[in-house]
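First up is the structure itself, then whatever we jot down about it.
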Amino acid sequence: MYLKCATRSAYEKYSSFQMVKFAIRCSSSRPSHQLIFDRKAKKFQRERAAIREDVELYDYLKEEIGFRLSDRIFDIKREFENAADLGCSRGFLSRHVLAESVKHLTLCDMSPTMLSQAQGTPGLRISKKEMDEENIEFAENSLDLVMSSLSLHWVNDLPGCFSRIIKSLKPDGVFIASMFGGDTLYELRSSLQLADLERKGGIAPHISPFTQIRDVGALLNRAGFTMLTIDTDELVIGYPSMFELMWDLKGMAENNAAFNRPAHLDRDIMLAASAIYKELYTKDKGVPATFQIIYLVGWKPGPNQPVPLARGSGEVSLKDLGKMIESSSKNKKKK
């Protein structure tokens, strides 16, 4: 248990350091050329996953998150004229968006094969555009809604991406998205790191770093979004062993795409990691894998948005709040 906690803590420090360091470089006046993720490799991984004959077998996670994210769109009581889905993949979000909520939806993805497989719901007008979500190209103030499901965690320049999104939105437009958080796959991460320590005496970055929830809010604020809503959810999925999990990650196109990833994973490292995974985390004759999902909603400032009252303009003291609640409850009982 001590090794498990120590390894997880070490990775979280490493992950946060890498993401914060990159965010600072991107926000500086000088252009930064250091990249974390290999976008060409990620495009290849998505293309390879899309052409598989059994590609539907690996849709279960992204399908579920797309459904949950679409529910949050329905909670916004508004009809959106123009919307865009960044990193649409095989349409895990668009297949749940109804024409009553969105009139026209532009599907965007860097993988042409993934994009060709994406579809919308009946009555929803869609158009498709091959586009890297890291460098989106929309006219300024042209969109009412921008959404993205499980795609932005592979973007190198998140501050720049958020800035381009807010520029493309109309005043009072909304940005809603989901992405993997820092605790995602911590069991697999810990097992591989312990195996590396045992066999090689060091740690290799087999799992890509993920964004921490505390950093997402800061980056959205820096981009200019207001009325932020950020929360997390965890999905724990059981697998027979570590190997089935890694096979499914490849089928989802969610395998490692960091530039500093090892060229290959040694067989003895994998066998040792599988044994460690089984020893530390076995539940119900299988092993669990945790996926932490960050949901975020941000609004572009607009003239009709609610704003807080001026400081000192309150007419009721908080110390009298209890008395007001008691008085209200008594009046209801009398009625």
Side-chain angles (χ1 to χ4, degrees), residues 16 18-32 34-37 39 69 72-73 75-88 93 101-102 104-106 108 129 131-182 210-232 293-311:
S16 298
Q18 291 290 339
M19 299 301 290
V20 171
K21 181 175 72 173
F22 185 74
I24 292 174
R25 294 192 178 202
C26 290
S27 61
S28 64
S29 58
R30 294 181 300 174
S32 173
Q34 181 177 351
L35 303 176
I36 297 176
F37 303 116
R39 299 293 295 176
L69 189 62
R72 296 168 185 253
I73 298 173
D75 291 338
I76 303 174
K77 305 304 179 183
R78 180 187 298 184
E79 185 180 51
F80 299 100
E81 292 286 339
N82 292 303
D85 183 2
L86 305 181
C88 67
L93 183 56
S101 299
V102 177
H104 179 265
L105 177 60
T106 302
C108 309
K129 190 173 183 180
M131 181 189 298
D132 190 340
E133 55 267 30
E134 192 167 71
N135 298 293
I136 63 173
E137 298 176 357
F138 288 103
E140 192 171 345
N141 300 321
S142 62
L143 299 173
D144 302 285
L145 168 67
V146 175
M147 51 190 180
S148 178
S149 181
L150 296 185
S151 176
L152 297 181
H153 54 278
W154 294 115
V155 170
N156 285 296
D157 184 9
L158 267 181
C161 179
F162 289 163
S163 296
R164 286 186 285 272
I165 289 173
I166 198 170
K167 286 181 181 178
S168 68
L169 285 170
K170 297 177 182 178
D172 203 29
V174 60
F175 170 47
I176 181 168
S178 63
M179 58 194 302
F180 285 126
F210 296 108
T211 307
Q212 299 293 332
I213 186 172
R214 60 180 177 270
D215 299 324
V216 174
L219 294 177
L220 288 171
N221 269 320
R222 182 182 301 177
F225 287 99
T226 60
M227 298 193 300
L228 302 181
T229 303
I230 303 174
D231 63 287
T232 63
I293 316 299
I294 300 175
Y295 297 98
L296 56 99
V297 180
W299 295 78
K300 183 173 181 176
N304 299 324
Q305 285 182 358
V307 294
L309 295 175
R311 188 178 182 88

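Note that this is a predicted model, so its numbers are computed, not measured. In this chain, numbering begins with 1 at the start of the sequence shown.
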Just how far is it from atom [atom1] of [X] to atom [atom2] of [Y], taken to the nearest 0.5 Å?
| X | Y | atom1 | atom2 | result |
| --- | --- | --- | --- | --- |
| Leu86 | Met147 | CG | CE | 9.0 Å |
| Ile176 | Leu296 | CD1 | CG | 8.0 Å |
| Arg72 | Asp75 | CZ | CG | 8.0 Å |
| Leu152 | Trp154 | CG | CH2 | 12.5 Å |
| Leu145 | Glu79 | CG | CD | 12.0 Å |
| Asp157 | Asn135 | CG | CG | 8.5 Å |

> Would a 4.5 Å heavy-atom cut-off, applied to side chains only, mark Phe80 and Leu143 as touching?
Replying inline: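 The answer is no; the side chains never approach within 4.5 Å.
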Enumerate, atom names and distances included, each donor-acceptor pair closer than 3.5 Å involving a side-chain atom of residues 161-172, sequence neighbours excluded.
unit_1	atom_1	unit_2	atom_2	d
Ser163	OG	Pro159	O	3.0
Arg164	NH2	Glu134	O	2.5
Ser168	OG	Ile165	O	2.7
Asp172	OD1	Gln305	NE2	2.9
Asp172	OD2	Arg78	NH2	2.9

Taking all non-hydrogen atoms of both residues, which atom of [X] and which atom of [Y] are closest, and how far apart?
| X | Y | value |
| --- | --- | --- |
| Ile76 | Val174 | CD1-CG2, 4.1 Å |
| Thr211 | Met179 | OG1-CE, 3.8 Å |
| Gly181 | Phe210 | O-CB, 3.4 Å |
| Gln212 | Ile294 | C-CD1, 4.3 Å |

> Listed by chain and number, what are the ring-ring contact (aromatic ring centres under 6.0 Å, His included) partners of Phe225, not counting sequence neighbours?
Replying inline: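 Once residues adjacent in sequence are excluded, the partners of Phe225 under the ring-ring contact (aromatic ring centres under 6.0 Å, His included) criterion are Phe175.
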>> Test of understanding: with side chain to side chain donor-acceptor pair (under 3.5 Å), list the residues that count as partners of Asn82, not counting sequence neighbours.
In response: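 With neighbours one apart ignored, the set is empty.
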>> Among residues at least two apart in sequence or on other chains, which ones pass side chain to side chain donor-acceptor pair (under 3.5 Å) with Ser151?
In response: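 With sequence neighbours excluded, Ser151 shows a side chain to side chain donor-acceptor pair (under 3.5 Å) to Glu133, given in chain and number order.
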>> Treating Thr226 as the side-chain partner and Trp299 as the backbone partner, does any N or O pair qualify as donor plus acceptor under 3.5 Å?
In response: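 Yes.
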>> According to side-chain contact (heavy atoms from CB on, under 4.5 Å), who are the partners of Glu81, at least two apart in sequence or on a separate chain?
In response: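 If we apply the side-chain contact (heavy atoms from CB on, under 4.5 Å) test to Glu81, skipping adjacent residues, the hits are Lys103, Asp144.
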>> Going by the rule side-chain contact (heavy atoms from CB on, under 4.5 Å), which residues pair with Ser178 if we only count those two or more places apart in sequence or in a different chain?
In response: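 With sequence neighbours excluded, Ser178 shows a side-chain contact (heavy atoms from CB on, under 4.5 Å) to Ile65, Leu69, Ser149, Leu150, Ile293, Tyr295, given in chain and number order.
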>> For Val146 and Ile136: C-alpha separation, side-chain torsions, deciding distance, then whether side-chain contact (heavy atoms from CB on, under 4.5 Å) applies.
In response: CA-CA 11 Å; Val146 175; Ile136 63 173; 6.0 Å; no
> Is any side-chain N of the basic residue among Asp85 and Lys129 closer than 4.0 Å to the acidic one's carboxylate O?
Replying inline: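 The answer is no: the pair does not qualify as a salt bridge.
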